[in-house]
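Along the sequence shown, residues are numbered consecutively beginning with 1. No experiment lies behind these values; they were computed from the predicted model shown.
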Amino acid sequence: MATHYLTSPLTEEDVRKLKLGDTVYISGNAFTCRSRLQKHVFDEGHTLPFSTEDRNLLIHNGPIVIKEDGKWRLVSFMPTSSIRFEKWGADSVSKWGLRMIVGKTTMGEKTAQMMKKCGCVHVSPRSVSPNLWIDAIEVEEVYLFDELGSIEAAWFFKMKDLGPFIVDIDAEGNNYFDALDPVIAEKKEKALKALGIDKDFEFTKLY
């Protein structure tokens, strides 16, 4: 498995060469997005107020950012779980011209197939190091701050060797975690048996 240092905006050639399990470090331009921004655009019909042509890298993230002496300062950063945004995944890839999505976990089959069609990948953090990453990120500007709030707004980042990330959906639509599912199921069954827990148990319902 190879290690790649890429710079956004990314080309189709950049992402087509990435294989499942490869390690990626990212420099260049990116923007953040969570559910409210995608709902604002895809469900409510608003126009995205910026071009993605020069920043075709989306980070599923709600950063903590404060303003000091007239400048934005990043306080905490960690990609959030991408599978929560599967409803809009395929549209975000095709309509925003994305080449890479950064987020925890993975995404679903509809998004994976659109990534295959358009030339896009999904990458996940190899570690949980939000505050170690701050020095690799510069906050440039923000869009829709008043409309969506600080966490849900679209933040523009400039990055320097941000990572490491693992390629979990490649540009052929393959998913790294698919091969792990049988292994996880087998280990889960053994763990439940060892702990004396019925395999049909339900997780705690919070609401």
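Atom CG of Leu18 sits about 8.5 Å away from atom CG of Leu10, to the nearest 0.5 Å. Taking CG of Leu98 as the reference point, atom CG of Leu57 lies at 8.0 Å (rounded to 0.5 Å). Taken to the nearest 0.5 Å, the OG1 atom of Thr32 stands 8.0 Å off from the CG atom of Leu58. The OG atom of Ser35 sits 13.0 Å away from the NE2 atom of His40 when rounded to the nearest 0.5 Å. The line from OG1 of Thr105 to CZ of Phe85 is 9.0 Å long, rounded to the nearest 0.5 Å. Rounding to the nearest 0.5 angstrom, the gap separating the NZ atom in Lys160 from the OH atom in Tyr5 is 10.0 Å.
You'll find the side chain of Pro125 reaches within 4.5 Å of the side chain of Met78, heavy atoms only. Taking 4.5 Å as the limit, every side-chain heavy atom of Ile59 sits out of range of all side-chain heavy atoms of Phe31. You'll find the side chain of Asn174 stays beyond 4.5 Å of the side chain of Lys19, heavy atoms only. Side-chain contact between Ile169 and Leu20: absent, with no pair of heavy atoms (C-beta onward) separated by less than 4.5 Å. Two residues are said to be in side-chain contact when any heavy atoms from C-beta on lie closer than 4.5 Å; His46 and Glu147 fail this criterion. You'll find the side chain of Val167 reaches within 4.5 Å of the side chain of Val24, heavy atoms only.
Qualifying ring-ring contact (aromatic ring centres under 6.0 Å, His included) partners for His4, counting only residues two or more places apart in sequence or in other chains: none.
Linking Ile, Leu, Val, Met, Phe, Trp and Tyr whenever their side-chain heavy atoms come within less than 4.5 Å puts Val15 and Val123 in one cluster. Taking hydrophobic clusters as Ile, Leu, Val, Met, Phe, Trp and Tyr residues chained together by side-chain heavy-atom distances below 4.5 Å, Leu148 does not share a cluster with Phe77.
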Residues Trp88, Lys39; criterion side-chain contact (heavy atoms from CB on, under 4.5 Å); working and verdict: CA-CA 8 Å; Trp88 306 286; Lys39 182 179 180 182; 4.1 Å; yes
Ring pair (Phe, Tyr, Trp, His ring centres under 6.0 Å) between Tyr143 and Phe156, intermediate numbers included: CA-CA 8 Å; Tyr143 285 86; Phe156 275 20; 5.0 Å; yes
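Counting only distance, with no hydrogens or angles, the side chain of Thr11 and the backbone of Asp14 share a donor-acceptor pair below 3.5 Å. Side-chain N or O atoms of Ser124 include none that pairs as donor or acceptor with a backbone N or O of Ile166 at under 3.5 Å. When atom types are taken as modelled, the side chain of Asp170 and the backbone of Gly173 share a donor-acceptor pair closer than 3.5 angstrom. Using a distance-only test at 3.5 Å, with no hydrogens or angles considered, no donor-acceptor pair links the side chain of Asp22 to the main chain of Thr3. Remark: the backbone N or O of Ala90 is paired with a side-chain donor or acceptor of Ser94 at under 3.5 angstrom. Arg99 places a side-chain N or O within donor-acceptor distance of the main-chain N or O of Gly119, the cut-off being under 3.5 Å. In terms of modelled atom types and a separation under 3.5 Å, the side chain of Trp155 and the main chain of Glu140 share no donor-acceptor contact. For the pair Asn56 (side chain) and Glu53 (backbone), a donor-acceptor distance under 3.5 Å is absent.
Closest heavy-atom contact between Pro79 and Val102: CG-CG1, 4.0 Å. Taking each heavy atom of Thr23 and Pro164 in turn, the nearest pair found is CG2-CB, 3.7 Å. Scanning both residues, Pro63 and Ile151, for their nearest heavy atoms gives O-CD1, 3.5 Å. Here the shortest heavy-atom pairing between Met1 and Gly21 reads SD-O, 3.3 Å. Closest heavy-atom contact between Thr80 and Asn61: CG2-N, 4.1 Å.
In this structure, Lys193 does not pair ionically with Glu189, as no charged nitrogen and carboxylate oxygen lie closer than 4.0 Å. Salt bridge absent: Glu138 and Lys158 never bring a charged side-chain N and a carboxylate O closer than 4.0 Å. The pair Lys87-Asp43 meets the salt-bridge criterion, with a side-chain N (NZ, NE, NH1 or NH2) lying under 4.0 Å from an Asp/Glu carboxylate O.
Ring-centre distance between Phe50 and Trp96: not below the 6.0 Å cut-off. When ring centroids are compared, Trp133 and Phe157 stay outside the 6.0 Å threshold.
Within 6.0 Å of CD in Glu13 there are 12 or fewer heavy atoms belonging to other residues, nucleotides or ligands. Under a cut-off of 6.0 angstrom, the local environment of CD in Gln113 is crowded, with over 12 non-hydrogen atoms contributed by other residues, nucleotides or ligands.
Ring planes of His122 and His60: tilted class, angle from 30 to 60°.
Side-chain contact of Asp161 with Ser27: a donor-acceptor pair under 3.5 Å is present, judged by distance alone. Donor-acceptor pairing under 3.5 Å is recorded for the side chains of Asp168 and Thr106.
Of the candidates Gln38, Arg34, Arg36, Glu152 forms a side chain to side chain donor-acceptor pair (under 3.5 Å) with just one, namely Arg34.
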